[in-house]
Amino acid sequence: MKRAEEFINHKEIMASLADAKEKAKDLAYVNSILDKCETCTVLSHREAAVLLECEDKTIRERMRTVANKIKQSIYGNRIVLFAPLYLSNYCVNNCKYCGFQHCNEKLPRRKLTQEEIRREAIALQDMGHKRLALEVGEDDVNCPLEYVLESIKTLYSIKHKNGAIRRVNVNIAATTVENYRRLKEAGIGTYILFQETYHKPTYEAMHPSGPKSNYAYHTEAMDRAMQGGIDDVGVGALFGLYDYKYETIALIMHAEHLEEEFGVGPHTISVPRLKPASGVTLENYPYLVDDESFKKLVTVLRLSVPYTGMIISTRETKEMRNELLHVGISQISAGSCTGIGGYAEENRTEEDTAQFELGDHRDMDQVLTELIEDGYIPSFCTACYREGRTGERFMQLAKAGQIHNVCQPNALITLKEFLTDYGSERARAAGEKLFARELERIGNEKVKEKTKEYLKKIENGERDFRF
C-alpha cells in the first residue's frame, strides 16, 4: 500500500503545474484535452493541470460548456438534496481555521443526547429531508465512536408521520480499519473526510496540536476506510488554506490513487471555501480563492472526474451555488444549520455553537422550489445505497450510461413524496409542470408506466417506492 507522500507526491504536483504553464499556451493541445472530455473520459492530473493554467477566454468558455454537457450526460438535471446534522462541537484539535478548535474559549460546548437527536431527526423529517451528513468534532472522551454508532441507530429508527431518514453519511475524524468496519455495519452511506489541505507544510501549520496533526494518518484514512469495507468515500479540500491549483491537482491524484488501489475512486468530492467562524477571521490567509478561480476549479474537477458526485454546501451564497450547478455540482445542502441542536430548537441562536458562517439562508422549500423553476429535479433518492448499488457497482452503471434508468424515476418518486407531504402551494404547482415534462423524457416505456403508477400510489398515501 502506498504511503501518503507517495500518492500525494509534492514534486509531481509542482512539476505538473510547471509543465502545464507551457502546454496551456498550445491551444490546439488544450482543445484536444477537451475533445477527450466530450466523451466523458477521465483526465490525468497532468491534463487537469493544463486546463487549470489555461486563461484563454474561448477555451474557458468551452470548458464550462463541456462541463455542463458531462453533468447532463451522467447526472441529467437531477440535484440531490441533503442536510448536515451536527451532533457535538467538542474537539481536541486546534485547527486554526475552525470554530470548533479546542482553544476557542468563546464557543459554548455541547453534545446532543439521544432524545435531542430524536427531536432533530423529527425536525429534519418535517422539513422533508431523507439523507443527512453527520458531523462531529474529534473527542474520544466526549464523543467516542460508540456515541456516533448509537446516534446513527437512533436516526434510522425515527419514523415521524410519513418521514424517514434513509441514508446517513458520516463525516468524522480519521480512524482505524476496525472502526470503519463498525461504521459500515451500522449502515452508513458515504464516509466523508476532508483533507483540508494536501500541502504538507501548510497542513502541519494549520493543525499544530491534536491527533489531526498527523498528516500521513489523516491522508491515508480513505485507504483504511476501503479496507474496512466502506466502498463509498467522499474527499474534499478546504480551498483557501493553500494554492487552489495545488489542491485541485492533489485531489485528482487522490482519486487516481483510490482507483488504482481499490478499483473505484471517490463517490463524491466536496469543494468548501474557507469562511469566517467563531474565533476565526480571514486575516493572514494569502490563498483565499476569488469567485472566478473558484468556478474554474469546480469546472476542472468536473471535467477530470466525470463520474464523481460533486457537493457544494451552504457556505456559498445562493448566487454562487446557482452558477456552480451549471458546471458540475450535483449535490447541495438545503435549509442547513451548522450549530448544535439548531433544527429542533427554533429559539436557539445557531451562531452560538456553529462551525462556520452560512452564505445561503434559504429554507428547504425555497431551495427546492427555485431548483424546480430553474429546470432541475430536486432528488431525495437513496435507492442506490439501499439496493447495494455502491462503490464499483455504481461506477460501472454510471460509466455505461445506465444509471439514468434508475436515477431519473427515483428522483421523481422522492420529489413527489416531498411535495405531497411538505411542499408549499408554489412548490406543488411548479412540481406538477415538472412531472408532466420529465415523465415524457423517460425512454423506457415500462419504467415510465411504473413511475406513473408509483406517483399515483404516493398521492393515495403510500410511500417508499424505488427502482
Side-chain angles (χ1 to χ4, degrees), residues 7-75 195 197-199 235-237 239-240 242-260 265-266 268-273 287 289-312 320 323-330 399:
F7 62 83
I8 306 296
N9 187 299
H10 172 73
K11 289 184 179 179
E12 172 58 20
I13 296 173
M14 298 306 293
S16 297
L17 292 171
D19 183 57
K21 289 183 184 296
E22 288 304 313
K23 288 185 174 178
K25 298 174 184 177
D26 183 349
L27 300 189
Y29 176 65
V30 180
N31 273 307
S32 73
I33 297 175
L34 290 175
D35 289 342
K36 288 179 63 175
C37 295
E38 294 268 11
T39 62
C40 295
T41 300
V42 176
L43 299 183
S44 70
H45 63 272
R46 286 258 173 169
E47 291 169 320
V50 174
L51 297 183
L52 274 177
E53 291 292 349
C54 188
E55 296 297 335
D56 181 83
K57 290 183 179 179
T58 303
I59 293 289
R60 293 282 295 277
E61 184 57 38
R62 187 184 176 198
M63 285 168 57
R64 288 189 287 268
T65 300
V66 176
N68 184 262
K69 180 180 177 181
I70 289 171
K71 186 193 165 195
Q72 289 295 322
S73 174
I74 297 170
Y75 294 96
Q195 179 62 26
T197 174
Y198 285 93
H199 184 247
V235 299
F239 288 94
Y242 191 62
D243 176 53
Y244 78 89
K245 294 178 181 178
Y246 188 102
E247 306 290 14
T248 303
I249 299 307
L251 267 172
I252 294 168
M253 291 176 73
H254 201 168
E256 290 173 337
H257 164 70
L258 294 175
E259 184 80 39
E260 178 185 348
T268 58
I269 292 178
S270 297
V271 287
R273 268 197 296 184
Y287 296 103
V289 183
D290 63 80
D291 288 350
E292 288 305 310
S293 297
F294 190 51
K295 286 182 277 189
K296 180 170 72 170
L297 75 87
V298 172
T299 303
V300 171
L301 283 170
R302 171 49 67 220
L303 294 169
S304 304
V305 285
Y307 303 102
T308 299
M310 290 184 62
I311 301 173
I312 196 76
M320 177 57 73
E323 286 197 56
L324 295 177
L325 291 176
H326 292 291
V327 294
I329 295 299
S330 57
K399 291 176 181 179

**Asked** With a 4.5 Å limit on heavy-atom distance, are the side chains of Leu303 and Leu34 in contact?
**Response** yes
**Sub-4.5 Å side-chain heavy-atom contact between Glu259 and Val42** = no
**Item:** Sidechain N-carboxylate O distance under 4.0 Å for Glu53, Lys25
**Value:** no
**Side-chain donor-acceptor contact under 3.5 Å, Arg64 with Thr299** = no
**Prompt:** Can Asp19 and Ser16 be said to form a side chain to side chain donor-acceptor pair (under 3.5 Å), step by step?
**Reply:** CA-CA 5 Å; Asp19 183 57; Ser16 297; over 6 Å; no
**Message:** Whether Arg60 and Asp56 form a salt bridge (side-chain N of Lys/Arg under 4.0 Å from carboxylate O of Asp/Glu) is what I want to check.
**Reply:** no
**Asked** Nearest heavy-atom pair of Ala237 and Tyr198: which atoms, and what distance?
**Response** CB-CE1, 4.4 Å
**Request:** Give, for atom CD1 of Ile311 and atom OG of Ser330, the distance between the pair rounded to the nearest 0.5 Å.
**Result:** 7.0 Å
**Residue pair Val50 / Asp26, side-chain heavy-atom distance below 4.5 Å** = no
**Phe294/Leu324 under side chain to side chain contact (heavy atoms under 4.5 Å, CB included): CA gap, chis, key distance, verdict** = CA-CA 9 Å; Phe294 190 51; Leu324 295 177; 3.6 Å; yes
**Message:** Tell me if a side-chain donor or acceptor on Lys71 pairs with a main-chain N or O of Pro306 at a distance below 3.5 Å.
**Reply:** no
**Prompt:** Hey, are the side chains of Cys54 and Leu27 touching, using non-hydrogen atoms and a 4.5 Å cut-off?
**Reply:** yes
**Request:** Evaluate the ring planes of His199 and Tyr242, with Trp represented by its six-membered ring, and classify them as parallel (under 30°), tilted (30 to 60°) or perpendicular (over 60°).
**Result:** parallel
**Request:** Check the pair Glu47 / Lys36 against side chain to side chain contact (heavy atoms under 4.5 Å, CB included), numbers first and verdict last.
**Result:** CA-CA 10 Å; Glu47 291 169 320; Lys36 288 179 63 175; 2.8 Å; yes
**Request:** State, yes or no, whether a side-chain contact exists between Cys40 and Ser73 at a heavy-atom distance under 4.5 Å.
**Result:** yes
**Prompt:** Is there side-chain contact between Ile70 and Arg302, with heavy atoms separated by less than 4.5 Å?
**Reply:** yes
**From Leu17 atom CG to Leu52 atom CG, the distance as rounded to the nearest 0.5 Å** = 7.5 Å
**Message:** Run Thr248 and Ser304 through side chain to side chain contact (heavy atoms under 4.5 Å, CB included) and show every step you take.
**Reply:** CA-CA 10 Å; Thr248 303; Ser304 304; over 6 Å; no
**Complete:** To the nearest 0.5 Å, atom CD1 of Ile329 lies from atom CD1 of Ile312 at 5.0 Å
**Prompt:** If you round to the nearest 0.5 Å, how far is CD of Glu61 from CD1 of Ile59?
**Reply:** 11.0 Å
**Request:** Decide, yes or no, whether a salt bridge links Arg273 with Asp291 under the criterion of side-chain N to carboxylate O below 4.0 Å.
**Result:** yes
**Message:** Measuring only between side-chain heavy atoms, which start at C-beta, is Arg46 closer than 4.5 Å to Lys23?
**Reply:** no
**Prompt:** Are side-chain N/O atoms of Ser293 and Asp290 paired as donor and acceptor at under 3.5 Å?
**Reply:** yes
**Message:** Looking at Glu38 and Arg62, is there a salt bridge between them, counting it only when a charged N and a carboxylate O are closer than 4.0 Å?
**Reply:** yes
**Note, Met63 side chain near Thr58 side chain (heavy atom, < 4.5 Å)** = no
**Atom of Val327, atom of Ala67 and distance for their closest heavy-atom approach** = O-CB, 3.5 Å
**Heavy-atom pair with the smallest gap, counting every atom of Tyr75 and Tyr307** = OH-O, 3.1 Å
**Prompt:** Looking just at side-chain N and O atoms, do Glu256 and His45 make a donor-acceptor pair shorter than 3.5 Å?
**Reply:** yes
**Complete:** Heavy-atom closest pair (Glu247 atom, Phe239 atom, distance to 0.1 Å) is CB-CE2, 3.7 Å
**Request:** Quick one: pull up CE in Met253 and CG in Asn9 and give me the separation to the nearest 0.5 Å.
**Result:** 5.5 Å
**Item:** From Asp35 atom CG to Thr41 atom OG1, the distance as rounded to the nearest 0.5 Å
**Value:** 10.5 Å
**Message:** Please determine whether a side-chain nitrogen of the Lys or Arg among Lys296 and Glu55 lies less than 4.0 Å from a carboxylate oxygen of the Asp or Glu.
**Reply:** yes
**Asked** Hey, which of Val300, Leu43, Ile269, Leu251 is the one that makes side-chain contact (heavy atoms from CB on, under 4.5 Å) with Val305?
**Response** Ile269
**Item:** Distance flag, aromatic centroids of His10 and Tyr246, threshold under 6.0 Å
**Value:** yes
**Message:** Give me the atom names and distance for the closest heavy-atom approach of Ile252 to Ala48.
**Reply:** CD1-CB, 3.4 Å
